[in-house]
Amino acid sequence: MTTHATILPRAGILDIAPYKGGESSVPGANRVYKLSSNENPLGPSPKAVEAYRAASDTLASYPDGGATALRRAIADVHGIDAGRIVCGAGSDELIALLCRAYAGPGDEVLYSEHGFLMYAINARIAGAATVVAKETAYTASVDAMLAACTDATRLVFIANPNNPTGTLLPSAEIARLAEGIPPKALLVLDSAYAECVREPDYDAGEKLVDARDNVVMLRTFSKVYGLAALRLGWAYGPEHVVSVLNRVRGPFNVTAAALAAGEAAMRDRDWIEHCVITNEVWRGWLEKEITAAGLTVTPSHANFILVHCPAEGPHTAPALDAALRARGVIARRVDGYGLPNSLRITVGDEEACRAVAGAVRGFMAGVTA
Ligand SMILES: *Cc1c(COP(=O)(O)O)cnc(C)c1O
């Protein structure tokens, strides 16, 4: 490790394992299918690309620090109050700001066993202690999370659907969690994959936020919206949380290009619908193919699947990862999420899905690429 003898960061910072993004290249492969970061294989709305290009005419000007037009578009589409939306440089920035604002030394940040790694990383950066609640069948347990709450709990993070498991809790369970957490705790409902969910009574958080004063919802433009490169996300919460986020964020935390592209992407509902339906079709196809090949897949409500391998023998997760790579497919190892025998694979386009299925079949049949 590279440490300096006298110039050191605050206690705990050097204990944090840096977040590793999904890999994007395979040496020697001619076509690479990057299925490691849950990006949209169809890309963003063409209207978003056009708006991004148009933003190049005004690069000398600071962006609108209040993100007025983007918040208006989000509010129109979601039927929510624009005044209670805060935009960020990816939902990652909002996770970081919430941790910095609400948790510090002596406080606890709670999340579930296979929860998104950025919760732990940002809690530790803030100096807070992390508390992990056990899951059941790769699904967060509200009972376990409530049992893990203490007087020191300040933030409770839950992603619904969850990454990397793809599992979904009924919205009534999320409401029960919000109802049961201690009075000093804020529930952060991370709905990064909400667009993918087709359950009729699913609430991504708009209703729950409106009904309570202890819930904030996070959304991102990085997944179904296809704008991961621009770093854009938003939070919807009660006024008291919004006023805190607006104090701790940078005055120009979102770029003008991201604001312009995000607004156009938000208003292009046809494109999102097209992407969501395509994802649903190919996710179902991939789940069937991989199951037929002899591996287990956790049914997913998102734009990726979690594939489970035997812990021993020729068909382990590292062996499958290597076999996929040999055919140019980059999946995501999820050891860091406590899932050493699983791989997370983004639902790519048709060609990518066929490449995955072919590679898995070959791997299970013992054929080397
Ligand atoms: C991808 C992801 C995010 C981060 O999205 P950005 O907006 O790109 O920072 C947040 N939460 C979950 C669960 C994710 O999978």
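Atoms within each ligand, like the ligands themselves, are counted from 1 in listed order.
No side-chain heavy atom of Pro63 sits less than 4.5 Å from a side-chain heavy atom of Thr255.
For ligand 1, the atoms sitting less than 4.0 Å from at least one non-hydrogen atom of Gly90 are 6 (P), 7 (O), 9 (O), numbered in the order shown with element in parentheses. Using a 4.0 Å cut-off to heavy atoms of Thr220, the atoms of ligand 1 that qualify are 5 (O), 6 (P), 7 (O), 8 (O). If you number the atoms of ligand 1 from 1 as listed, the ones under 4.0 Å from a heavy atom of Asn163 come out as 13 (C), 14 (C), 15 (O). Ligand-side atoms of ligand 1 in range of Ser222: 6 (P), 7 (O), 8 (O), range being under 4.0 angstrom from any heavy atom. Ligand 1 places these atoms under 4.0 Å from at least one heavy atom of Ala192: 11 (N), 12 (C), 14 (C).
By the 4.0 Å N-to-carboxylate-O rule, Arg72 lies too far from Glu263 to be salt-bridged with it. Taking 4.0 Å as the cut-off between side-chain N and carboxylate O, Arg176 and Glu173 count as a salt-bridged pair.
Residue-ligand proximity: Gly233 is placed with every non-hydrogen atom at 4.0 Å or more from ligand 1.
When non-hydrogen atoms are compared, ligand 1 lies under 4.0 Å from the backbone of Ser91 as well as from its side chain. Using a 4.0 Å cut-off between heavy atoms, Tyr193 contacts ligand 1 through its side chain alone, with no backbone atom that close. At a 4.0 Å heavy-atom cut-off, ligand 1 touches Asp92 through backbone and side chain alike.
A cation-pi arrangement, defined by a distance under 6.0 Å to the six-membered ring centre and an angle within 45 degrees of its axis, is absent between Arg354 and Trp282.
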Checklist entry - Going through the distances and angles, do Phe304 and Tyr193 end up as a ring-ring contact (aromatic ring centres under 6.0 Å, His included)? => result CA-CA 10 Å; Phe304 56 84; Tyr193 301 95; 5.1 Å; yes
Checklist entry - Step by step, would you call Tyr202 with His301 a ring-ring contact (aromatic ring centres under 6.0 Å, His included)? => result CA-CA 11 Å; Tyr202 172 69; His301 294 270; 8.6 Å; no
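Of the protein's non-hydrogen atoms, the one nearest atom 11 (N) of ligand 1 is Asp190 OD2, 2.6 Å.
Proximity of a side-chain donor or acceptor of Arg344 to a complementary backbone N or O of Ser36 within less than 3.5 Å is detected.
The hydrophobic cluster of Val49 has no other members, since no ILVMFWY side-chain heavy atom comes under 4.5 Å of it.
The heavy atom nearest to atom 2 (C) of ligand 1, out of those in Lys223, Arg231, Met118, is found in Lys223.
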